[in-house]
Amino acid sequence: MIRVLFVCLGNICRSPMAEAVFNSSVEKTGLSGLIDSDSAGTSDYHIGEPPDSRTMDIVHKYRLELNHQGRQFTASDFDKFDYIVAMDQSNLSNIKRLLPNDMSDERIFLMRDFDHKADTKDVPDPYWSEADGFEEVYQILLRSCQNFIDYLKKNRADLTT
Ligand code: 4NP
């Protein structure tokens with residue numbers, strides 16, 4: 001099983017939506033049971049809380065599945081996950097700050113490394129925006145997750161056998 005962790009700041013808007021979009025794309029690509037994902041936040045702001053209602057609106061609109069409680073990213077996640085995907089550059093630097101010295105950072109990515117349409121490296125934080133901000137995040141995640149799955153298919157021999 002390949003395990004992917006999506007990480008944002010609060011773990012109530014972007015990263016749980018990424019988890020839901022990614023899991024749906026994995027299923028549609030026929031890779032269920034081979035790749036799994038979870039999400040976490042770099043902050044402790046929303047530990048134990050459900051995803052933001054505006055994220056759940058997107059989940060329902062696009063018939064995704066999401067069952068998640070906010071949790072904080074910890075250094076032990078480096079051992080539990082094969083890939084860590086940050087939503088923005090601030091999340092990325094907070095994650096890398098916790099990386100043990102003897103561990104490589106080559107498994108840590110930015111979500112928009114996989115968005116060929118990106119004019120910025122960041123998935124915008126929609127927390128202070130209206131519903132259209134969440135719709136924009138969904139469209140970014142849809143493109144990026146599909147391209148990330150294509151990357152995994154190309155780079156992981158265990159997915160093609
Ligand atoms: P997220 O959005 O990082 O995409 O979950 C945010 C959620 C909460 C806060 C900031 C961003 N906050 O400041 O509480």
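Counting starts at 1 for both ligands and their atoms, following the listed order. In what follows, residues are counted from 1 in the order of the sequence shown. Any value given below was found using the heavy atoms of this structure, including those in side chains, with hydrogens, waters and symmetry copies removed.
- Residues F73 and F78 place their aromatic rings such that the two centres sit under 6.0 Å apart.
- When the heavy-atom distances from atom 6 (C) of ligand 1 to W128, Y45, Y127, F134 are ranked, the shortest goes to Y127.
- Between G10 and ligand 1, an N or O atom pair is found at a separation short of 3.5 Å.
- Residues I58 and L66 fall within the same hydrophobic cluster, defined by Ile, Leu, Val, Met, Phe, Trp and Tyr side chains chained together at heavy-atom separations under 4.5 Å.
- Ring-plane geometry between F148 and F114 is classed as tilted, the angle between the planes lying from 30 to 60 degrees on a 0 to 90 degree scale.
- Here H46 has side-chain heavy atoms under 4.0 Å from ligand 1, and that is the only part of it that gets that close.
- Here the protein heavy atom with the shortest distance to atom 1 (P) of ligand 1 is C8 SG, 3.5 Å.
- For the residue pair A40 and Q72, the shortest heavy atom distance occurs at CB-C, 4.3 Å.
- Proximity of N11 to ligand 1, defined as any heavy-atom pair under 4.0 Å, is confined to the backbone N, CA, C and O atoms.
- In this structure, atom 2 (O) of ligand 1 lies nearest to the protein heavy atom D125 OD1, 3.4 Å.
- Within a 6.0 Å radius of CD in E27, other residues, nucleotides and ligands contribute 12 heavy atoms or fewer.
- Counting non-hydrogen atoms of neighbouring residues, nucleotides and ligands closer than 6.0 angstrom, the CG atom of N67 reaches no more than 12 such neighbours.
- Counting the atoms of ligand 1 from 1 in the order shown, those under 4.0 Å from a heavy atom of C13 are 1 (P), 2 (O), 4 (O), 5 (O).
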